[in-house]
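Before we start, here is the structure in question, set down as structure tokens.
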There are 2 protein chains.
Amino acid sequence: MKENKFLAIYNDLLLQIRKGAFQPNEKLPSENELSQQYRTSRETIRKALNLLSEHGYIQKIKGKGSIVLDVGKYDFPVSGLVSFKELAQKMNKPARTIVHELELIEPDEYIKRQLETENKEKVWKVIRAREIEGEKIILDKDFLCQKFVPILTRDICENSIYEYVENELKLRISFAKKEMFVDRVTAEDQKYLDLNGYEHVVVVKNFVYLEDASLFQFTESRHRLDKFRFVDFARRTHQPHLLP
Amino acid sequence: MKENKFLAIYNDLLLQIRKGAFQPNEKLPSENELSQQYRTSRETIRKALNLLSEHGYIQKIKGKGSIVLDVGKYDFPVSGLVSFKELAQKMNKPARTIVHELELIEPDEYIKRQLETENKEKVWKVIRAREIEGEKIILDKDFLCQKFVPILTRDICENSIYEYVENELKLRISFAKKEMFVDRVTAEDQKYLDLNGYEHVVVVKNFVYLEDASLFQFTESRHRLDKFRFVDFARRTHQPHLLP
DNA sequence: TAGTGGTCTAGACCACACA
DNA sequence: GTGTGGTCTAGACCACTAT
């Protein structure tokens, strides 16, 4: 498996930034120096640096150089359209998923309302803690309608439900609705997360819709305050998508 | 004033898409064709196309071509960008805006970096507290490039800068980038907000771009934890199942 | 003035889609 | 096979920052 040169350089530089080989507020070597070090053309270096810049790791200033920014937080494009697995890979940090609960339940009133589901349909309930660099900082509570996802295994949950739904079940996700707010920590948060003394968590509710506009998944993601970061692009669209 | 070649091509292609010269779900000419038409190198064409792609106007598919996406040609309602005034109206609660600062400044390094602005351009700095039902719960810090917004009055700031920019100045906003995270309260927060004992605020940074991809406004919005709420719709950005 | 990042060129080879 | 977009090269000139 061949990795692109500019991606390899991006990952290598990122690793060095994370290791502290390049300190925040210091300058990276110039593009010419880097092209010599990596024995490649300057344009290729520039592709790697532009990636670092777009992801918020460095700031390029014309005539001066590329400055390393201070990043202690993680980018979470919290949309259900990006999986934790992809994020973990992108962040290049040791990450782990711990499945605490996986069961088929009769939804209570709250879940039924959130999922807009019929009376007798069962629902998958999954509770997972997400660990990055040894700290459990996210608690994900997923609820999926069984009529769309007949089978769900521990294995799938440890890997990526999203990948499974898209690639195996071939369900086509069209859009998601998000709600974000801050909540006091619950007993469940304290049980499953390393809260580090914080009394609040950032809650992200995510409603995921299929192409026929049917709601098939509802996720509540609870993030430790200090590690939470959300990045998003909002393009103008004609109408905010109307929900059924 | 010389415009970059790739930006000129980007704007020209965008214009043609909006005019309907390229229809949604149809293919653009290939990169080789375009490089001949515009008498430039393929890499320059690629920079223009990548901009179109990043802004959601086309989708590039390896081995096939670049497909025009269906983005509303005459789209005015904004998604992701909602002004405080609209929010207040929607919530139907007594709301007020208090303008604490309104001045034309020489941007410092931080603001210059955020706005990606030229050296000697002045910048409007506006600091406003937002009060709902008698409680000051949001602190808005706006920075707008003067070259786009020559005049700004206290009156406009108390009403809606956004409305003024769109309706009076007729600037056409194409997309915005948002970053959200939690920060410790600052002295400024304590001075202008009713913090109710909370030690953290939710910070929303908003970068607003015009149609030619130039950044004209940067806003930092600081929300009291318990009153913060964000709702958004996210459509898929990647549409792998397009076209016959 | 020397060094930096930003743009641009005219090639080249590759991986992928499609007929 | 041909044609597409993706990557990469080795130059070049420009605008900007520093000294």
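Below, read A as the first sequence line, B as the second, and so on, with proteins coming before strands; counting in each chain starts at 1.
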Checklist entry - Does anything in residues 36-51 of chain B reach DNA chain D, meaning a heavy atom under 4.0 Å, and if so which residues? => result B:Arg42, B:Glu43, B:Arg46
Item to check | Centroid separation B:Phe218 to B:Phe207 less than 6.0 Å | outcome: yes
Next on the checklist: If I take atom CD in residue B:Glu31 and atom P in nucleotide C:dT9, what distance separates them, rounded to the nearest angstrom?
Outcome noted: 14 Å
Checklist entry - Could you state the CG-C1' distance from A:Leu34 to C:dG3, rounded to the nearest angstrom? => result 14 Å
Checklist outcome for this item: Taking a pair to mean Watson-Crick or G-U wobble geometry with both distances below 3.5 Å, C:dA19 pairs with none
Item to check | Between D:dA18 (P) and A:Lys62 (NZ): distance, integer Å | outcome: 14 Å
Item to check | Residues A:Thr219 and A:Gln217: side-chain donor-acceptor under 3.5 angstrom | outcome: yes
Checklist entry - To the nearest angstrom, how far is B:Gln59 atom CD from D:dG5 atom P? => result 13 Å
Checklist entry - Using a distance-only test with no angle check, is there a side-chain donor-acceptor pair under 3.5 angstrom linking A:Thr97 and A:Arg130? => result yes
Item to check | Evaluation steps, salt bridge (charged side-chain N to carboxylate O under 4.0 Å, His left out), between B:Arg154 and B:Glu101 | outcome: CA-CA 9 Å; B:Arg154 196 171 197 87; B:Glu101 289 186 37; over 6 Å; no
Next on the checklist: With a 4.0 Å cutoff (strictly under), does any side-chain N or O of A:Lys60 reach OP1 or OP2 of C:dG6?
Outcome noted: yes
Next on the checklist: Can you tell me which nucleotide in C:dT4, C:dA15, C:dG6 comes closest to the side chain of A:Asn32?
Outcome noted: C:dT4
Checklist entry - If you measure from CD1 on B:Ile61 to CD1 on B:Ile67, what distance do you get to the nearest 0.5 Å? => result 3.5 Å
Checklist entry - Given atom CG of B:Asn4 and atom P of D:dC13, what is their separation to the nearest angstrom? => result 19 Å
Next on the checklist: In whole Å, I'd like the distance from the NZ atom of A:Lys27 to the P atom of C:dG5.
Outcome noted: 8 Å
Item to check | Any A:Lys64 side-chain nitrogen or oxygen under 4.0 Å from OP1 or OP2 of C:dG3 | outcome: no
Next on the checklist: For the CD1 atom on A:Ile151, are there more than 12 heavy atoms of other groups (residues, nucleotides or ligands in this structure) within a distance under 6.0 Å?
Outcome noted: no
Next on the checklist: Without decimals, in angstroms, what is the distance between A:Phe6 CZ and C:dC14 P?
Outcome noted: 18 Å
Next on the checklist: Just the rounded figure in Å: distance from P of C:dG6 to CD1 of A:Ile61.
Outcome noted: 10 Å
Checklist outcome for this item: Residues at least two apart in sequence or cross-chain that pass side chain to side chain contact (heavy atoms under 4.5 Å, CB included) with A:Leu7, listed by chain then number, are A:Glu3, A:Asn4, A:Tyr10, A:Asn11, A:Leu51
Checklist entry - Closer than 4.0 Å, any side-chain N/O of B:Ser30 to the OP1 or OP2 of D:dT4? => result yes
